[in-house]
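Reading through the structure tokens given below for one structure.
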Amino acid sequence: MALTDANRALTLLDTTLRDGEQRAGVALTLEDKLRIIRRLDDFGVHYIEVGFPASNQRDRELFGRLAAEPLQNAQIVAFGSTRHKDLLAEQDTGLVELAECYAGVVSIVGKSSPEHVQKVLNTTLDENLSMIADSISFLVEQGKRVFFDAEHYFDAYKEDSEYAMQVLLTATYAGAELLVLCDTNGGALPHEVYQICQATRQMLTLTSVSAADMLGIHTHNDGGVAIANSLEAIRAGCVHLQGTVNGYGERVGNTDLLVAIADLQLKMGFQLVRPEQLARLTELSHYVAAIMNIAPDAYHPYSGANAFAHKAGLHSSSVVRHKPSYEHVDPAAVGNLSRIVISELAGRAALASKADELGVALPDSDAERVRLLADIKAREISGFSYEVAEASLALFLLELTGQEQKCFELESFRVITEKHEDGRATSEATIKLSVAGERVVSTGEGVGPVNALDAALRQAITRFYPQVEGFELTDYRVRVLDESTGTSAVTRVLIDTSDGRHSWGTIGVSENIIEASWDALVDSITYGLLRLGVGAAASE
């Protein structure tokens with residue numbers, strides 16, 4: 001019998017920064033990870049698994065930074081594996097780093113399949129149980145809360161259900177507070193997941209432990225049913241759900257946590273995040289996609305640009321008369337828009353909210369606001385994406401509403417790149433500007449054209465705006481928008497800038513990558529100055 005009681009408390013763990021980063025082609029900087037963590041925390045995720053402190057220096061630094069990061073909703077989780085078969089737990093460097101890291105919660109993965117124990121770990125079944133018990137006990141003794149990830153659990157259960165159960169009970173007796181059943185290969189089907197989760201829960205109920213109410217689910221999408229598998233596991237009694245934003249992950253990905261949350265909350269009655277947090281689902285989906293330099297899927301459930309789009313004909317006329325006829329949920333519930341009927345009105349409301357957040361005064365006239373939306377839409381069609389470039393959006397709105405405050409005017413720039421005999425390539429940029437009524441010519445050198453332009457610009461304006469010395473470019477990303485046109489394609493450049501306390505993103509789009517980079521660079525400096533309130537005074 002399915003457990004359909006939606007009053008059950010479910011917890012969420014996002015593993016975008018661990019499992020999601022294993023997607024081919026994805027590489028996140030420390031600042032990328034921090035920005036995603038802040039958004040996930042704001043969205044209301046309960047746990048954020050951020051990586052392996054023992055695996056690389058970047059993740060060690062991340063845990064150090066997180067110690068000073070004020071999170072409102074989420075708890076940070078570190079990931080690791082059971083001790084090495086030939087070591088005591090306290091001798092295993094991976095476990096020691098987990099014990100010493102900032103995170104109060106640790107996920108430990110262990111083998112649950114006899115075949116994997118014998119052929120992958122090359123050890124005995126009893127030793128594997130000892131490795132699990134020793135590792136968890138050691139971490140609990142060090143004051144950590146421990147989640148146990150039973151790797152390949154569904155394959156293991158079909159292979160040897162008794163041993164799979166022994167693994168779970170061993171983890172429970174050692175002090176694990178959560179038993180996560182992992183479909184590591186992504187090969188299980190929904191009916192199998194439901195049956196195995198239900199059988200596992202029933203068998204645990206027969207023991208003297210409360211492990212029946214400690215089950216979680218972690219699925220991969222190799223069979224195309226990761227979300228369905230997760231929902232079936234919840235129906236069967238699991239109380240904890242793991243996944244990634246947009247389903248990013250190794251091979252073909254993981255459970256899409258955002259889609260699963262929307263399904264559970266809007267269709268199955270579970271209260272996982274507050275309604276106002278759920279309304280940021282689309283924004284979060286697009287934000288993470290941009291950080292990972294992945295084009296958002298326009299046909300993605302709930303968050304895609306076409307998720308609630310209706311073409312002319314029967315559908316559109318039906319939606320005009322009765323929205324639910326072709327919309328399975330209210331788009332606003334997940335922060336998206338219907339492309340027919342309400343898009344203009346909802347767009348104006350969203351624009352007003354965003355402008356207020358950015359500190360831009362909009363005209364009162366509805367007609368003027370419609371014009372602003374049309375201008376923004378035209379920009380988006382040409383390749384601009386403001387999801388992670390809100391600084392550029394603020395500047396564009398100031399320009400459209402006649403409130404633009406230019407800190408300097410470009411006369412011209414020139415960039416030369418030289419390849420030297422020893423293999424080095426260097427760039428030199430010369431820019432001519434008008435700053436506070438004075439013509440300034442500046443030359444800068446760098447390892448590349450953008451670095452050289454940045455150096456020349458800073459050299460030109462620092463005398464007028466000493467605050468720019470505190471601005472640091474923390475990331476630079478390029479995306480080709482139309483691969484079919486080859487080297488003449490339009491490119492999108494995204495730049496992240498920080499003043500040590502705040503970060504902001506800017507964007508440039510052009511067929512010329514240097515021009516796109518310059519536009520994003522100018523926006524980054526201009527916005528930084530304006531937010532400090534120095535732009536207008538210095539440019540008079």
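As a basis for the values below, the full set of heavy atoms in this structure was taken, side chains included, without hydrogen atoms, waters or symmetry mates.
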Rounded to the nearest 0.5 Å, what separates atom [atom1] in [X] from atom [atom2] in [Y]?
X      : Y      : atom1 : atom2 : value
Arg479 : Ile507 : CZ    : CD1   : 11.0 Å
Gln242 : Ile217 : CD    : CD1   : 9.0 Å
Leu395 : Thr506 : CG    : OG1   : 8.5 Å
Glu232 : Ile196 : CD    : CD1   : 12.5 Å
Lys144 : Leu139 : NZ    : CG    : 8.0 Å
Ile108 : Phe147 : CD1   : CZ    : 12.0 Å

Would you indicate whether the side-chain heavy atoms of [Y] and [X] approach each other to under 4.5 Å?
X      : Y      : value
Leu30  : Arg65  : yes
Val140 : Ile136 : yes
Leu168 : Met203 : no
Arg39  : Val245 : no
Tyr153 : Leu179 : no
Val522 : Asp519 : no
Leu521 : Leu473 : yes
Phe52  : Leu98  : no

So that I can tick it off, tell me whether [Y] and [X] are bridged by a salt bridge, with the cut-off set at under 4.0 angstrom between side-chain N and carboxylate O.
X      : Y      : result
Arg60  : Glu97  : yes
Arg458 : Asp454 : yes
Arg477 : Asp475 : yes
Arg145 : Glu177 : yes
Glu283 : Arg280 : no
Arg83  : Glu127 : yes

Query raised in the report: Looking at Thr255, Asn254, Thr244, which one forms a side-chain hydrogen bond (donor to acceptor under 3.5 Å, both in side chains) with Asp19?
Result: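 The single option meeting the side-chain hydrogen bond (donor to acceptor under 3.5 Å, both in side chains) with Asp19 is Asn254.
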Give the minimum heavy-atom separation between [X] and [Y], together with the two atoms involved.
X      : Y      : value
Leu284 : Phe43  : CD2-CG, 3.7 Å
Phe471 : Ile525 : CE1-O, 3.9 Å
Cys197 : Leu181 : SG-CD1, 4.0 Å
His218 : Arg18  : CE1-NH2, 4.1 Å
Gly446 : Ala452 : N-CB, 3.7 Å
Ala520 : Ile495 : CB-CD1, 3.8 Å

Is there a donor-acceptor contact under 3.5 Å from the side chain of [X] to the main chain of [Y]?
X      : Y      : answer
Gln277 : Arg274 : yes
His46  : Ala74  : no
Lys33  : Leu17  : yes
Ser135 : Met131 : yes
Asn221 : Ala226 : yes

Would you check, one step at a time, whether the test ring-ring contact (aromatic ring centres under 6.0 Å, His included) holds for Phe63 with Tyr102?
-> CA-CA 6 Å; Phe63 281 100; Tyr102 155 75; 7.4 Å; no
Worksheet item: Going through the distances and angles, do Ser113 and Glu159 end up as a side chain to side chain donor-acceptor pair (under 3.5 Å)?
Response: CA-CA 7 Å; Ser113 159; Glu159 177 190 348; 2.7 Å; yes
**OP:** Evaluate the criterion side chain to side chain contact (heavy atoms under 4.5 Å, CB included) for residue pair Arg23 and Glu250; output intermediate values, then yes/no.
**Re:** CA-CA 4 Å; Arg23 176 184 169 118; Glu250 192 174 18; over 6 Å; no
- Query: Going through the checks in order, is the side chain to side chain contact (heavy atoms under 4.5 Å, CB included) test met by Thr11 and Leu241?
  - Reply: CA-CA 6 Å; Thr11 56; Leu241 171 64; over 6 Å; no
Check your understanding: So Tyr476 and Asp496, side chain to side chain donor-acceptor pair (under 3.5 Å) or not? Walk me through it.
Key -> CA-CA 7 Å; Tyr476 172 86; Asp496 293 338; over 6 Å; no
Worked verdict on Ile76 versus Tyr47 for side chain to side chain contact (heavy atoms under 4.5 Å, CB included): CA-CA 6 Å; Ile76 296 300; Tyr47 299 98; over 6 Å; no
field: Within 45° cone of Phe384 ring axis and under 6.0 Å: Arg492 NZ or CZ
entry: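 Pair Arg492/Phe384 does not count as cation-pi.
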| message | Checking Ser137 against Asp134 for the side chain to side chain donor-acceptor pair (under 3.5 Å) test, could you report, in this order, the C-alpha distance in whole Å, the side-chain angles of both residues, the deciding distance, and whether it holds? | response | CA-CA 5 Å; Ser137 297; Asp134 295 346; 5.8 Å; no
Does CD in Glu276 sit with more than 12 non-hydrogen atoms of other residues, nucleotides or ligands closer than 6.0 Å?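 Result for CD/Glu276: enclosed.
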- request: Verify side chain to side chain contact (heavy atoms under 4.5 Å, CB included) between Leu264 and Leu272, making sure each step is shown before the conclusion.
  value: CA-CA 8 Å; Leu264 287 165; Leu272 300 170; 3.8 Å; yes
Could you check whether [Y] and [X], counting side-chain N and O atoms only, form a donor-acceptor pair closer than 3.5 Å?
X      : Y      : answer
Thr184 : Glu151 : no
Ser303 : Thr282 : no
Asp14  : Thr16  : yes
Thr219 : Ser230 : yes

Margin query: Show, in sequence, the C-alpha distance, side-chain angles and deciding distance for Tyr299 and Asp297, and conclude whether the side chain to side chain donor-acceptor pair (under 3.5 Å) test is met.
Written below: CA-CA 5 Å; Tyr299 302 93; Asp297 181 2; over 6 Å; no
Inset, instruction - Assign the ring pair His116 / His152 to parallel, tilted or perpendicular, where the plane angle (0 to 90°) is split at 30° and 60°. - result: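 The arrangement is tilted - the two ring planes meet at 30° to 60°.
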